[in-house]
Amino acid sequence: MDWGTLQAVLGGVNKHSTSIGKIWLTVLFIFRIMILVVAAERVWGDEQDDFVCNTLQPGCRNVCYDHFFPISHIRLWALQLIFVSTPALLVAMHVAYTKHEKKRRFRNGEKIDIEELKNVKFHIRGPLWWTYTSSIFFRIVFEAVFMYVFYYMYDGFQMPRLVKCNAWPCPNTVDCFVSRPTEKTTFTIFMLAVSGICMMLNLAELCYLVIKVCMKQPRQTTALK
Amino acid sequence: MNWAGLYTVLSGVNRHSTAIGRIWLSVIFIFRIMVLVVAAESVWGDEKSAFTCNTQQPGCNSVCYDHFFPISHIRLWALQLILVTTPALLVAMHVAYQQHQEKKLLVLTGHADAKHMEEVKKHKMRIAGSLWWTYMCSVVFRLLFEAVFMYIFYMLYPGYQMMRLVKCEAYPCPNTVDCFISRPTEKTIFTVFMLVTSSICIVLNMAELVYLVVRACARRSQHHSNPSSGKSSFYGHKHSSEYKQNEINQLLTEQDGSLKDMLRRNSGLQEKGDRCSAC
């Protein structure tokens, strides 16, 4: 079970998304997951091995690394991507449930073309609209929460070259040097920018859905008149 | 055979599960197996190489690591996930057995064409009769395995928190030696995360148990309140697995010539078989 399987699972949801939703999914897979896997993981690969402290005291390096990096960027991004892509499964479950209901009606004698049922695209209205809107809302919330967690833990997104550590058993204050700080800063800013773009896309999709519903209401009321 | 292979095997079971069962399967694959593979394994990757003891005594490092980590968290989680997902295969086997019986029945009643065979493969089995018992057993075993592994975790690593420092005095370490664990905070975070998802899965399993019992009781009380439904309910009740099982058993226990006699004698039964294969 890896990113490929997640892509297969979410690819199915794509069929029932809006155009903005499809763009969002593409940005997620190409600019975030793929970058994480092919590039970022290599940059952070030697983060602990190459974290060097100016001391021979055994254990000081471990403790200082743990103190300054309670959870690695890579793991935080992986968790962020998992949480952000999961609300789309709410939509997938709703669509599956609707298809199941239609099949049940078909079995009970109503005339519905079974082939059409497999390929039909569900319009985002009624209860599906609410499910879809909730999923976008949760996506936005998770993105924001993780961006805040990043900011809170790493004080501003920049990776310092040098950190000063005086946790036990380090004798006095010890200089510790982080490996590849500039490259890490570059990737952090990149992932942050793409995360911001994804949030914008989600907000745009939310507005689009709300406007679509509002436009339909006056049209219905004028049609009734 | 890897996690993807397990996913393929279990996706097939998904079709015959309840809604809660499907949610449980999604939680297992996305929040436990996937997190294990993409994140947790890299956190524990250097657990032995970065385990440092304040001594130059050869062998002390290895002995202390072995003393404090008899079995790594990652391996325990992998075992837990394999054992917890495996009872679903009981259900898969039972469903395959029932489908095999249905196909045999179709062959015996002369409806063994490709269309009917495909229908047997595709239609969703209702969780009733013997399949209900199998499904219940699988959920009970899942619960049991989850609880056992959580207890083992608690016994081996009391408190779930990973210490930064452990004091070791196993031979050949001279006196007491300080040993430092790599990434203790990150490990604690992931341990708590896996613990929380494990509890969510236990709650889902219990909810599924309650749902199945309530559904069975409701069905039984409905059956008791309509005892005189007669033949019309038989014909209308197209997916009654008990009915089909009785019919299959009756047909299959009488082999060879006696089978044909029986079929001729019970032309009514054959009619029922016709109707059932048309569903």
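To find a chain, count down the sequence lines: A is the first, B the second, and so on, and within it residues start at 1.
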So with a 6.0 Å cut-off around [atom1] of [X], is the heavy-atom count from everything else above 12?
X	atom1	result
Trp168(A)	CH2	yes
Met153(A)	CE	yes
Met163(B)	CE	no
Phe146(A)	CZ	yes
Phe177(A)	CZ	yes
Leu56(A)	CG	no
Phe68(B)	CZ	yes
Arg161(A)	CZ	no

Closest contact, heavy atoms only, Cys53(B) versus Pro58(A): O-CB, 4.0 Å
Closest non-hydrogen atoms of Ala78(A) and Val38(B), given as atom of the first, atom of the second and distance, are CB-CG2, 4.0 Å
Got a second to check how far Cys60(A)'s SG is from Asn54(B)'s CG, nearest 0.5 Å? 11.0 Å
Distance check, rounded to the nearest 0.5 Å: Leu79(A) atom CG versus Phe190(B) atom CZ? 4.5 Å
Between Leu36(A), Ile71(A), Val37(A), who has the most heavy-atom pairs with chain B when the cutoff is under 4.5 Å? Ile71(A)
Any side-chain heavy atom of Trp3(B) within less than 4.5 Å of one from Thr5(A)? no
Taking the side chain as every heavy atom from C-beta outward, state whether Phe31(B) and Thr86(A) have any pair of such atoms under 4.5 Å apart. yes
Could you name the residues of residues 177-186 of chain B that have a heavy atom within less than 4.5 Å of a heavy atom in chain A? Asp178(B), Phe180(B), Ile181(B), Ser182(B), Arg183(B), Pro184(B), Thr185(B), Glu186(B)
Ordered numerically, the heavy-atom neighbours of chain A under 4.5 Å found in residues 55-66 of chain B are none
Between Met93(A) and Arg22(B), is a side chain to side chain contact (heavy atoms under 4.5 Å, CB included) present by the stated rule, with each step listed? CA-CA 9 Å; Met93(A) 285 195 259; Arg22(B) 288 178 197 165; over 6 Å; no
Can you tell which part of Ser26(B) gets under 4.5 Å to a heavy atom of chain A, answering side chain, backbone, both or neither? neither
What part of Asp46(B) lies closer than 4.5 angstrom to a heavy atom of chain A: side chain, backbone, both or neither? side chain
Given that the side chain runs from C-beta out, which part of Ser85(A) has a heavy atom under 4.5 Å from chain B: side chain, backbone, both or neither? neither
Is it the side chain or the backbone of Leu89(A) that comes within 4.5 Å of chain B heavy atoms, both, or neither? side chain
